[in-house]
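Here is the structure we will look at.
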Amino acid sequence: MATTATKKTKKTTRTAVDPKLEEALRADFERTLAQALDQAAGDPDCRTKNGGGFAARLRAVEADALRARLRLQYQPWVAASAIVAAALIQQAAELAVGPWACAAGTGALIAGVLALVRSRTKGWWREAGAWLRAHPLRMVLVGSAAWTWLTASLLVGFDAPHALATSGLAAFVALSAHWWRIHRIGYPTGQVKALEAAVVEAEDVRHIQAAWAENLAADGKPLAGTSLADYERTEHSHQWTVVLRPGGGGLAELRSKITAISTAIDVDVPMISLERHPSGRPTRAVLRVTVDSPVDDGVPITHDANGPVVAGRPLWDAATGDITLGPYADGVGVKTWKVYRPNSLYGGYVFGDTGSGKSELLNLIALGLLASGNTAYWYLDGQEGASSPLVAANADWDCSENLFKARQALEAACAVMKMRQMFNKAHQLKGFTPSPERPGLVLIIDESHLLLNDYVRDKKDPGFGGMTNAALAELIGRTGRKVGVALICASQDTTLNAFGNSGPLRSSLLRGNGVVMFSTNRISAGILPNFSQDPSKLPDDGGYAYSLETTDASGAKHSRAATFRAAYQEDFAPDLARYPVRPLEEDSATVIDMYQSGAYRRRHEITAEAKASAVAAEIAALRRGEVPIDEFLFGDELSVVPVSRSVSTESGFTVPALQLVPSLADLVAVEADDDEDLIDTSGLTPVQAAVLEAVRDGVTRTSDIPDRIGRSRRAVYNARDVLIERGLVVEADRGVLALAPPRAA
C-alpha cells in the first residue's frame, strides 16, 4: 500500500507543472525557432518544402551555436583525449603482444590518423588538414610527440604519473599554442559584421574629431577656438556638442561655414546638420553627421485603417494640426507642415527647380488638406494648370485655367475674409477654429512669380478691383490667419519677385512654413531670410529639401534647419479621390456669389473634360491654319497679365464683372438664394456680348461662333467660359451652348 501511495504521489508531482515555467519554456522554444527562420531567411535551401528546409534551418542555427563557434578551440583537446585513450588501450594490449609490438602498432595508427586528417578538405577537421598541409614538419612533429609519449607511458607503466602528466601537458601546450593563435574564438556572422562596422565607425569618429581639431579649430582656421565634446552614437548618425568660441558668431556663424566644415571633415553637406543645443546656451550647438540615412531608399506612403501613413505617423495628424511630410535625413524626427494652431491657419512657401519634387510635395500637401476633413483649397497656377494637374483636379475651386481666373480667386478669397471678419465680430470670436461646416480655405499658388504681380483690374475701383494681385495676396497673408484663409506659394524663384515684390508677404508666408528643394540657383536661395544652405548640394533624385526654421505668432521655433525627404508614391490620384472635396460654408459661398455673380456656385459647371476639349479644338485649329501663330501663343487680346500699374481693363483685359464687397447690412438684408433671381448683364466686353447675341440668334455650336461674329476661336472660348460662369448661358451638350433658363422674378 505504501508503495502504491508513493507511486501515486510521484505521478501527481510529475503532472503538476508550473504554468509560468511552461510558458517560459514555450517562449524560449519559439524564440529559438524564430531565430532559425530569421537567420536562414536569405538561404534558398531553407525555404524549400521538400523536407530538407527544416534541416537546413536547424543547420543555420547550429552554425552560430556556441558549440560550433568553439569547435576549433577544443579540437586539440579531442586529439589529446584520443592519445590518452590510446595509452590505456595500449596497456591492455601489452599483456598479449608485448611492449614493442604495441609501440609499432601505435606508430602505425598515429601515422594513419594523421594522414587521414591531413587529407580532409571538408567537414569539421578541414582546418586541421589545412594546418598540417601548410608545413611538412608539422605532421612529423605532432606524430613524433604523440608516439614518444605513448611509448613512454608503455615503458613506465604509469608508475610515475606526475612525470607523464607534466611532460604530456607541456608537449600538448607547446604544439597547440600555434593552433590557438591562428584560430581565434569565432563570432556569429551578424556579430562579425557588427564588429567590423564598429571598427569602421570608430575610425570615422576619430577621423572627424581629428579633422575638426586640425582643419577647423586650430589658430587661423575658419572656426578657431571651437571643439567637439560629448560624443554620442544615435540610431543613424554621429553626434557631438560643438563648444563655440565666446564672443563669436554662435550658431549663425557655424551654419555660415557649412561648406568649410564639409571639406574639413570630408562629408557631404546634406549629411551634416547643425542645431541649437538642448541647453539653450549660445556657446553650444549640436553637430550630427549622418551615417546611414533612413531616407536613402525613398519614403513610401503606407496605409492603415485611418488613412495614409508617413514614417510611422499619420499623414494628417489631427492632434497637432500638422501634415507629415517625411523624416529628416539624420533620422531624428520628421518634418511636418504646420496647418492649424489655436485660432489660426498657416500657409507657407516651397522653392525648387523643375525635377526637384516640388509638384509631388504639393500633391502631398493637398492630400493632407483633404484628409483633414475641415479644409478647402483652391488651386491657382501661373502655367495655366500644367504644373500639378492632380492638385487642380481635386480642388474645391480650380482657378488654374488662365490668369484671369487666378485674379478672380484672389478677390474671392478677400471677400471670404471680409465675411469671416464680420462673422467673428458678430459672434465675438478671437480667431478661427476649423470644422467640416466652416472649413479653412487655402489658396495653393503654383509658379507664384507669374501670378503675384502689379496687375490692377480697375484703377477706379475703390475696393478689391483697384488693388494689384500682389496687394491682394499680401492682404491675405497678413490678415487671413485669424479668419481661416491662407496662401501656399511655390516657385523656382526666391527673390521678392516670387512674392509680388512684397516683403510683408514673404515674412507672413515664412512665419508658417518654408521648404527649399534642389536648385542650381544658389544665389536665389541665399536671399531667403535666415537661410545659408546651398540647395545645389542636395541629391537631385527628388524629394530632398531643407526645412527652414520658421516661427509662429508667439515667436516659437517650428522646425529644424536640416535635410529631410518628402514622402512619395507613384500615383496620388487614388488617395486624393478617397476624400470628399470640402466646400465653403454658406455665408462665404454667398458673399462670393453676390460679389462675382454666382461664380462660386457655378465653379464646377465647366468640367475638366470640356476644358480639355476646348484646348484640343484650339490645337486642331492651329494645325489647320485657322489660328495665326501669334494669336495661339499670345492671344488676340491681352492674355498675359501685365506687370505695369498703369494697365487696366481699358486695355482690353477681359475678366468677369466684379461688384463691390457688400456691407454687413447688405448681407443681412439679402437672403442666401435671392441672387438666383438676379441676372447682371452689364459689364460685358464686346466679344462676350457678341457671343451672347449669337447664342440668342440660334448659333449654338461653339465652333460656329468665331466665323459668325468675326472673332478668333481663343477669344470666343474665353468669352464662353465667362458667360457660363455668370449664368447667362449653359453648355447643354458637349460643344453646344444654350441660353440659361429664365429665373423667377
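Small disclaimer: the values here were computed from a predicted structure and weren't measured. In this chain, residues are counted from 1 in sequence order. Hydrogens, waters and symmetry mates are skipped; everything else that's a heavy atom, side chains included, is used.
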With a cut-off of under 6.0 Å to the ring centre and 45° to the axis, is Lys482 in cation-pi contact with Phe432?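 Geometry flag: not set, cation outside 6.0 Å or 45°.
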
Could you walk me through whether Ile445 and Leu452 satisfy the side chain to side chain contact (heavy atoms under 4.5 Å, CB included) test, starting with their C-alpha distance in whole Å, then the side-chain angles of each, then the deciding distance to 0.1 Å, before giving a yes or no? CA-CA 9 Å; Ile445 306 179; Leu452 303 184; 4.3 Å; yes

Could you check whether any side-chain N or O of [X] sits under 3.5 Å from a backbone N or O of [Y], counting only pairs where one atom can act as donor and the other as acceptor?
X      : Y      : value
Ser388 : Val391 : no
Asp353 : Ser356 : no
Thr375 : Ser372 : no
Asn513 : Leu510 : no
Arg602 : Ser597 : yes
Ser344 : Arg481 : no

Leu443 side chain near Leu380 side chain, heavy-atom distance below 4.5 Å: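 Contact flag for Leu443/Leu380 side chains = yes.
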
Less than 4.5 Å apart, side chain to side chain, heavy atoms only: is that true for Asn306 and Pro314?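 With C-beta onward as the side chain, the pair stays apart.
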
Please find out if less than 6.0 Å separates the ring center of Tyr340 from that of Tyr346.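 No, too far apart.
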
Results of side-chain contact (heavy atoms from CB on, under 4.5 Å) for Thr479 - residues two or more places apart only: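 Counting only residues at least two positions away or on another chain, Thr479 forms a side-chain contact (heavy atoms from CB on, under 4.5 Å) with Met417, Gln421, Leu475.
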
Considering residues at least two apart in sequence or located in another chain, which fulfil the side-chain contact (heavy atoms from CB on, under 4.5 Å) criterion with Ser387?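 Residues passing side-chain contact (heavy atoms from CB on, under 4.5 Å) with Ser387: Tyr379, Asp381, Gln383, Asp446, Glu447.
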
Polar contact flag, side-chain donor to acceptor under 3.5 angstrom, [X]-[Y]:
X      : Y      : answer
Ser519 : Gln492 : no
Asn469 : Arg407 : yes
Glu437 : Asn374 : no
Tyr600 : Ser588 : no

Arg603 vs Asp396, salt bridge (charged side-chain N to carboxylate O under 4.0 Å, His left out): CA-CA, chis, key distance, verdict: CA-CA 9 Å; Arg603 64 194 184 281; Asp396 172 54; 3.1 Å; yes

Chi angles and distances behind the side chain to side chain contact (heavy atoms under 4.5 Å, CB included) call for Val729, Leu692: CA-CA 8 Å; Val729 299; Leu692 180 60; 3.8 Å; yes

So, for [X] and [Y], which heavy atoms are closest and what is the spacing to 0.1 Å?
X      : Y      : answer
Asn718 : Asn402 : OD1-ND2, 4.4 Å
Gly500 : Ala470 : O-CB, 3.4 Å
Ala545 : Leu538 : CA-CD1, 3.9 Å

Could you tell me whether Arg420 and Glu585 make a salt bridge, using a distance below 4.0 angstrom between a side-chain N and a carboxylate O?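 Salt bridge: yes.
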
Taking NZ, NE, NH1 and NH2 as the nitrogens, is one of them in Lys338 or Asp322 under 4.0 Å from a carboxylate oxygen of the other?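 No.
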
Name of the residue among Asp398, Leu410, Leu441, Val442 meeting side-chain contact (heavy atoms from CB on, under 4.5 Å) with Trp378: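 So, applying the side-chain contact (heavy atoms from CB on, under 4.5 Å) to Trp378 and each of Asp398, Leu410, Leu441, Val442, only Leu441 qualifies.
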
Which label fits Phe572 and Tyr568: parallel for a plane angle under 30°, tilted from 30 to 60°, or perpendicular past 60°?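 Perpendicular, since the angle between the ring planes exceeds 60°.
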
